Amino acid sequence: MASGEESKSTHRVLRISQLDALELNKALEQLVWAQFTQCFHGFKPGLFARFEPEVKALLWLFLWRFTIYSKNATVGQSVLNIRYKNDFSSNPRYQPPSANQKVWYAVCTIGGRWLEERCYDLLRNRHLASFGKAKQCVNFMVGLLKLGGLMNFLIFLQRGKFATLTERLLGIRSVFCKPQSAREVGFEYMNRELLWHGFAEFLIFLLPLINIQKLKARLSSWCSPLRSAPNSDSTVAARGKQCSLCGEWPTMPHTVGCEHVFCYYCVKSSFLFDMSFTCPACGTEAHGVQALKSGIEMSEVNAV
């Protein structure tokens, strides 16, 4: 007796495997629907807008016919070596779900989603009092079903059987197709991925707080020490052949208090963007934007 219970617990499907199967089913449905809509990409937009719930129901019915009805398992379950078993059967051996259970599974899953989408579509733009009451009834029923699904999920987390409310109502549960060995998880890879994702999120948070331009100017000022007399007129004229930001001939030359010259639009836009703007060449902090002194003409700059 003890050995029978031990073998039964050994072949019991893990909760994570059942949840993974559900996620794989959702991903497959999204993939099939995306591929189906791509087939009609060149047609008139909104071609299936009016009949979208019916088209989806036909696609899901096609998948149901060649998965659960034929193989007693969804696509996600087949990938994970899982299939459905008739839990109402007293036979200790594997008993597949009956035909009625499979049909009711399609009615509850495919028909339920189709009914919900169609009801919302019909009652969306109706403003009559009778339609308002019908909409409230539909919302109440949907909320009641979602509450039942939540209660079932909590029970599933405790007992590990019937991952969805439909499985519990129909009496079908997940079992392994073949004896399953112990699931081994490599935590080294998981730890490395978690560490990298945490570091990436930290960088995404930190980078907007760093003034790259100011940091570049500070590094350049450390690499090339400042020379004396930075504000002399001759030095300004000598540096005035190119803008220190764009590298072109300065248009409407301005300064920020150092010997370097800038285009008006270059320095003004940088100063408005960053009030703590510093000269990218020498690192001088800008307290304002001033035009070149009237004694320094562009002819003097050309003569240098």
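Values in this document were obtained by computation on a predicted structure and should not be read as measured data.
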Asks: With sequence neighbours left out, what residues match Trp114 under side-chain hydrogen bond (donor to acceptor under 3.5 Å, both in side chains)?
Replies: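 Listed in chain order: Glu54.
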
Asks: Please identify each residue that fulfils salt bridge (charged side-chain N to carboxylate O under 4.0 Å, His left out) with Lys161, with sequence neighbours left out.
Replies: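 Salt bridge (charged side-chain N to carboxylate O under 4.0 Å, His left out) check on Lys161 returns Asp87.
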
Asks: Not counting sequence neighbours, list each pair that qualifies as a salt bridge (Lys or Arg N to Asp or Glu O under 4.0 Å) and has a residue in residues 56-70.
Replies: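 Listed once each, the pairs are Glu52-Lys56.
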
Asks: List for me each residue that meets side chain to side chain contact (heavy atoms under 4.5 Å, CB included) alongside Ala163, sequence neighbours excluded, and say none if there are none.
Replies: Gln18, Leu22, Phe156, Glu167

Asks: Under the side-chain hydrogen bond (donor to acceptor under 3.5 Å, both in side chains) rule, collect the residues that match up with Arg83, sequence neighbours excluded.
Replies: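 Counting only residues at least two positions away or on another chain, Arg83 forms no side-chain hydrogen bond (donor to acceptor under 3.5 Å, both in side chains).
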
Asks: Sequence neighbours excluded, which residues qualify as side chain to side chain contact (heavy atoms under 4.5 Å, CB included) partners of Ser269?
Replies: none

Asks: Sort and list the pairs that fulfil side chain to side chain donor-acceptor pair (under 3.5 Å) and have at least one residue in residues 27-38, not counting sequence neighbours.
Replies: Glu29-Arg113

Asks: Quick one: does Phe153's side chain get under 4.5 Å of Leu19's, heavy atoms only?
Replies: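 When only atoms from C-beta onward are counted, Leu19 and Phe153 do touch, with a gap below 4.5 Å.
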
Asks: Please enumerate all residues that pass ring pair (Phe, Tyr, Trp, His ring centres under 6.0 Å) together with Phe140, with sequence neighbours excluded.
Replies: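 Result, ring pair (Phe, Tyr, Trp, His ring centres under 6.0 Å) vs Phe140: none returned.
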
Asks: Taking only residues two or more places apart in sequence or in another chain, which ones pass side chain to side chain contact (heavy atoms under 4.5 Å, CB included) with Cys108?
Replies: Thr166

Asks: Going by side-chain hydrogen bond (donor to acceptor under 3.5 Å, both in side chains), name the residues that satisfy it together with Lys102, two or more places apart in sequence or in a different chain.
Replies: Asn72

Asks: Any side-chain heavy atom of His254 sitting closer than 4.5 Å to one from Val261?
Replies: no

Asks: Please list all pairs passing the ring pair (Phe, Tyr, Trp, His ring centres under 6.0 Å) test where one or both residues lie in residues 75-95, with sequence neighbours left out.
Replies: Tyr84-Tyr105

Asks: So, using side chain to side chain contact (heavy atoms under 4.5 Å, CB included) as the criterion, who are the partners of Phe202 when residues are at least two apart?
Replies: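 Phe202 satisfies side chain to side chain contact (heavy atoms under 4.5 Å, CB included) with Leu206 only.
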
